[in-house]
Amino acid sequence: MTEPTFATLVSRWYTHHARDLPWRHPGVGAWAILVSEVMLQQTPVARVIPAWTAWLSRWPTAADLAAEPPAEAIRMWGRLGYPRRAVRLRECAVAMVERHGGQVPDRLEQLLALPGVGTYTARAVAAFAYGQRHPVVDTNVRRVICRAVAGEPDAGPATRPADLAATEELLPTEPAAAALASAAFMELGAVVCTARSPRCGSCPVTSICAWRASGQPAPAGPTRRPQRYAGTDRQVRGLLLGVLREATAPVSRHRLDQVWTDNVQCVRALTGLVKDGLVEQVDETSFRLAGDGPPILVP
DNA sequence: TACTCGTGGTA
DNA sequence: TTACCAAGAGT
């Protein structure tokens, strides 16, 4: 009889302590899981839950969303942040209709080819929606593995191939068990093995944690420089989009100029929104959310 | 590789 | 109050 493995301990903990999140309920389909994964990219769980519920109520299938213009997706996105994700999610739905009959593909290669689906999201969908055995590495998993297995404080940027390989070695052989373990690793990092104040007293692997054994060393050297927001193009884009989201008719350039005093920056932000497919120019002087009305006549 | 891309809760 | 930052992706 061998000692329980790392994955076994964390999985056992997960089955008793996992949060009751709606996308984890039995019978939730691949489309709903994909939507949750995209919304959860850099957005806290608490804010995603109501948005996810409303989104799927309006668009129960990918085909439902694919039939709508980007403007509707942008409005439904609300204030989750990074609204390009809404545009990409719709593009993703369109691609699934065109390539996969409106279904979410179950092959990693096909998932990765979809707009807005990267290394993490593709593996998360393959594992959580289809029960496949893939290492699913997000920032939480990287931190958990880094600490508990390597004994390191999780400093420095992610090295995807190495993180994937290190996590893969910990996964059970059985696909269903591996998918459960992946969810468990993520949950542990989100709830217990947190970045700032880890709750080691509630951790199922505290007795075999290399990081704890070595005195929980803090990250050495300068971490990534703090992200600022005030005064950036991102803030201006947010202000511009806020106006366009509320508008029921095209908005004049003059009115958009008023959201920011620096006109150069304002124009740059607006140009960026157009380039990203969030906004379109209706005529010489007015703008609207992409597809927010009748098609624009081109002379 | 390093940088951009929103938003709002928390310490 | 200011600073940090939360299930990444794309370039």
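Naming convention: chains lettered A, B, ... in sequence-line order (proteins, then strands); numbering from 1 in each chain.
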With ring-ring contact (aromatic ring centres under 6.0 Å, His included) as the test, would you mind laying out the steps for A/Trp59 and A/Trp31 before giving the verdict?
CA-CA 10 Å; A/Trp59 298 307; A/Trp31 165 242; 8.6 Å; no
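- For CZ of A/Arg268, the number of neighbouring non-hydrogen atoms (other residues, nucleotides, ligands) closer than 6.0 Å is greater than 12.
- Comparing A/Asp138 and A/Leu114 against DNA chain C, the residue whose closest nucleotide sits nearer the 5' end is A/Asp138.
- Between the side chain of A/Thr194 and the backbone N or O of A/Ala190, no donor-acceptor pair lies under 3.5 Å.
- Using modelled atom types, no side-chain atom of A/Glu168 and backbone atom of A/His134 make a donor-acceptor pair closer than 3.5 Å.
- For the segment residues 162-176 of chain A, no residue has any heavy atom less than 4.0 angstrom from an atom of DNA chain B.
- When the C1' atom is compared between B/dG6 and C/dC4, the two are found 15 Å apart, to the nearest whole Å.
- Rounded to whole Å, the C1' atom of B/dC5 lies 15 Å from the corresponding atom of C/dC5.
- For the pair A/Tyr120 OH and C/dG10 C1', the computed distance is 18 Å after rounding to whole Å.
- Atom name C1', nucleotides C/dG10 and B/dT1: the rounded distance is 14 Å, in whole Å.
- When atom types are taken as modelled, the side chain of A/Arg245 and the backbone of A/Arg79 share no donor-acceptor pair closer than 3.5 angstrom.
- Rounded to whole Å, atom C1' of C/dG8 lies 15 Å from atom CZ of A/Arg143.
- Put simply, the side chain of A/Thr232 gets close to the backbone of A/Tyr229: a donor and an acceptor are under 3.5 Å apart.
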When every nucleotide of nucleotides 5-11 of chain B is labelled 5' to 3' by its protein contacts under 4.0 Å (heavy atoms), B for base, S for sugar-phosphate only, - for none, what sequence of letters results?
BBBS---
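- Rounded to whole angstrom, the span from the CZ atom of A/Arg268 across to the P atom of B/dT4 amounts to 11 Å.
- Distance alone, capped at 3.5 Å, is enough to place a donor-acceptor pair between the A/Gln265 side chain and the A/Gly231 backbone.
- Listed by residue number, the members of residues 6-37 of chain A with any heavy atom below 4.0 angstrom from DNA chain B form an empty set.
- At distances below 3.5 Å, not a single donor-acceptor pair connects side-chain atoms of A/Arg288 with backbone N or O atoms of A/Leu244.
- Not one N or O on the side chain of A/Glu98 forms a donor-acceptor pair closer than 3.5 Å with the backbone of A/Ala93.
- Distance noted for atom P between B/dA11 and C/dA7: 15 Å (whole Å).
- Taking atom C1' on both B/dG8 and C/dT1, the two are 15 Å apart, rounded to the nearest angstrom.
- Between the side chain of A/Gln216 and the main chain of A/Arg212, no donor-acceptor pair closer than 3.5 Å is present.
- Formation of a donor-acceptor pair under 3.5 Å by the A/Arg133 side chain with backbone atoms of A/Leu171 is found in this model.
- Going from atom CG of A/Leu89 over to atom P of C/dG8 covers 16 Å, rounded to whole Å.
- Remark: P of C/dG8 and CZ of A/Arg160 are 9 Å apart, rounded to the nearest angstrom.
- The CG atom of A/Leu34 sits 8.0 Å away from the CG atom of A/Leu111 when rounded to the nearest 0.5 Å.
- No contact: A/Val45 has no heavy atom under 4.0 Å from any strand.
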